Amino acid sequence: MNIKVLGPGCPKCKTTYNNVLEALKQTGAEAQVEKIEDIEEMMKYNVLTTPVLMIDEVVRIKGRVADIKEIKELLTQ
Amino acid sequence: MEYVQSLVNEICPTSSQAWVKRGAILVDVRELNEVEQLAFDVPAVVHIPLSEFEIRYKELAMDKELVIVCRSGSRSLRAAGFLINHGFDPIKVVNMKHGMIRWVQRGFPVKGDISGIVDANAGGCCNHGGKKESGCC
């Protein structure tokens, strides 16, 4: 599984990233987690509102912080 | 924050003034509460908040010159990239670097209260003096 958190490095993006790590820890799931803060890279994904949570190249949550519970649900789907 | 990217052409507020004078449209992607507080005072300005941009960008004419603006130039950069990725002409769509902050510093025309800009002079798109902004960060 590949997880990407896209955002310019603001507090909400950092919270989302940390929530992803915590959700992985709690579920025991394995994933490669990337934080993408580069604006050019973000624009390739046509990202407007951030943070964005992508799982396996699919945008799952955008424009808000993803909480641990919902990330866990996404991980187990 | 200064971003390095090659997808979107960027111009300063002074050049933006020249673009507007020759008929370009200023596209303000700030959220409603920000525009209510302080607006660009130019003849041709369209307000499409970033939080609605994905569904409303088609309101923009593809044959017009568009200068995309926000508070600091960060959100507008993403919006400009989004337009170009959706077929808008990269020659006609540009981002205004440093946004409203630099526009105010240059003394260009605005309507409203500039205290929020002056007080948070060095702030980025995530610094709005505590105000919630759904389209940002």
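Below, read A as the first sequence line, B as the second, and so on, with proteins coming before strands; counting in each chain starts at 1. This one's a predicted model, so the numbers in the text were calculated from it and none came from an experiment.
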Where do A/N46 and B/H86 come nearest, in terms of heavy atoms and distance?
-> ND2-CE1, 3.1 Å
Smallest heavy-atom separation, B/G81 atom then A/M43 atom, equals CA-SD, 3.7 Å
Are there more than 12 heavy atoms of other residues, nucleotides or ligands under 6.0 Å from atom NZ of A/K35?
-> yes
Single-linkage hydrophobic cluster, 4.5 Å side-chain cutoff, B/V45 and B/V35 together | no
Identify the heavy atoms of A/L48 and B/E54 that sit nearest to each other, and give their distance.
-> CD1-N, 3.7 Å
When rounded to the nearest 0.5 Å, the distance separating CE of A/M42 from CG of B/L7 is 12.5 Å
Using the rule that two of Ile, Leu, Val, Met, Phe, Trp, Tyr join whenever any of their side-chain heavy atoms come within less than 4.5 Å, decide whether A/V33 and A/V65 are in one cluster.
-> no
Crowding at CD, A/E57 (>12 non-hydrogen neighbours, <6.0 Å) | yes
